[in-house]
Amino acid sequence: MKITEQQYEEMVKASAPKSTVIINCAKAFLVGGAICAGAQLIYNQLHAMGFSREDTGTLVAAILIVSAILLTALRVYDRLGKFAGAGSIVPITGFANAIAAPAIEHKKEGLVLGIGAKMFLIAGPVIVYGTLTSVIVGLIYYFVR
Amino acid sequence: MTKHFGTASVRFSNPPSIIGAAAIVGPKEGEGPLASYFDKISADILFNKDTWEQAESELMRQTIELAVQKAGLSAEEINYILAGDLLNQNSGSVYGARSFGRPFFGLFGACSAIGMAMGLGAMIVDGGFADNVVANASSHFCGAEKTFRFPLELGTQRAPTASWTVTGDGAVVLSSNGNGPFVTSATTGAIVDLGQKDVNNMGAAMAPAAAEVIKNHFNDLYLPHDYYDVIATGDLGLYGSKLAEQLLQDSGFDFGERLVDCGALIFDNENQDTHAGGSGCGCSATVFAGYFMKKIRDGEIKKMLLVPTGALHSVVTIQQGETIPGIAHAVAIERKM
């Protein structure tokens, strides 16, 4: 009996377990929320110390990025990511992880072709399309405001 | 073509004997349910080397050395080394075999490598072109992740159907002399592609190839369905092996408990968090050279069919929207001729 691709696709769909969406969403919400709440605490602290709003924002971002890179190097962030999914990918810490992880992985291929070239393997597309989107939105804003 | 039968099978007239087998694995495999069957468990996933690639080659070198030693031979007595792995340009095998200075065939069959190596190795020995041949396959979790997926430190989640690449190497020494177990027949797989595209469910992509080669093997050689004590597919995993079973049943082959999967055996999927199970060239190679060889030697298994399975895609073809071509090779191992 020959089976068609469509029939097989049905079989595969029936056989594969589904991701547990509700539990995953809850975990992502908790961890993502905790990261953002922590950042807000740091923000409030720094602002109270007398930094301007703008400087505080920059400082908080820098602190989060450095912490995430440190946690990536200590092999903590990948474990957090396994638990939290989007919860630890979406915040700025996830972006830092996406840059640090390939840099560590490809260190053995040298400073230029390894770390330098591979650092943006995952984050590169985000930067490219993020920039492109901001240009398009900026143009729309210019004409319709 | 007196040794060729049906569509894709060969039956050996002078079946080569397996005179040595060795399996060395990494730390995670050493915590799994088959730990006691492996010759050596390395606590160091780097195998005292600097990179994942070097680690795999060192693992391969050590395993071949041990298999040859267990066969009571010296490296000079090996006529050919046939080896496959998952790294680009077969570099895991190439650098591992470099120091032996023996004639070498690098094979690419993805995770079906040990089936391919044993089948071809047996043909070489049966054909009288060699006395002793090493068939080998290796894989390394970290090297495979780097080659096919994401950096290890990236915080992502694995799909429920994803498998875990085995860090391990299985080597088998086939010889024209010996008292068995014997490689008695082999069926070479064709490339089978039923349009699967999900690289996180490779068991589904390979299951049709496994079912196809098993059917061909039984039909070509006119074997009764209860001929083998065990039919072990390579690395279909928990879900892929169910698909293969279903495809075989639909074609009238019901092997029941005899049909097992190396990928489903090697890890404790619940406690070791390996999702669908083990995969990689080292999966079927270590499970055969370690676990099944022991059972065959002890007489617990008298006849078995090993069916290593491979997904023959590359990162580039998948990015270009291609489907995953599957392959499987069947090798029969029997205690007596």
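Predicted model, so just to flag it, every value in this text is computed and none were measured. Because only heavy atoms are used, hydrogens play no part in the values below, and waters and symmetry mates are left out as well, while side chains stay in. A note on names: the letters A, B, ... follow the listed sequences, proteins ahead of strands, and every chain is numbered from 1.
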Which portion of A/Ile122 sits near chain B, non-hydrogen atoms under 4.5 angstrom = side chain
Closest approach of B/Tyr239 and A/Ser15, non-hydrogen atoms and distance?
-> CD2-O, 3.7 Å
Within the distance-only criterion (no hydrogens, no angle test), does the side chain of B/Glu153 pair as donor or acceptor with the backbone N or O of A/Thr72 below 3.5 angstrom?
-> no
Compute whether any side-chain donor of one residue and acceptor of the other, for B/Gln196 and A/Glu5, lie under 3.5 angstrom apart.
-> no
Residue part contacting chain B, namely of A/Lys18, when any heavy atom lies under 4.5 Å = backbone
Tell me, for A/Ala84 versus chain B, whether the close heavy atoms (under 4.5 Å) come from the side chain, the backbone, both or neither.
-> backbone
Examine whether an atom of B/Asp273 lies under 4.5 Å from a heavy atom of chain A, and if so say whether it belongs to the side chain, the backbone or both; otherwise answer neither.
-> side chain
For the side chain of A/Tyr8 and the backbone of B/Ala204, is there at least one donor-acceptor N/O pair under 3.5 Å apart?
-> yes
Interchain contact, A/Lys108 with chain B, by part (heavy-atom threshold 4.5 Å) = side chain
Part of B/Glu212 lying under 4.5 Å from any heavy atom of chain A | side chain
For the side chain of A/Glu105 and the backbone of B/Lys146, is there at least one donor-acceptor N/O pair under 3.5 Å apart?
-> no
Region of A/Ile89 in contact with chain B, defined by heavy-atom distances below 4.5 Å | side chain
A/Leu132 atom CG: more than 12 heavy-atom contacts under 6.0 Å | yes
Check: B/Leu154 main-chain N/O paired with A/Asn97 side-chain donor or acceptor under 3.5 Å | no
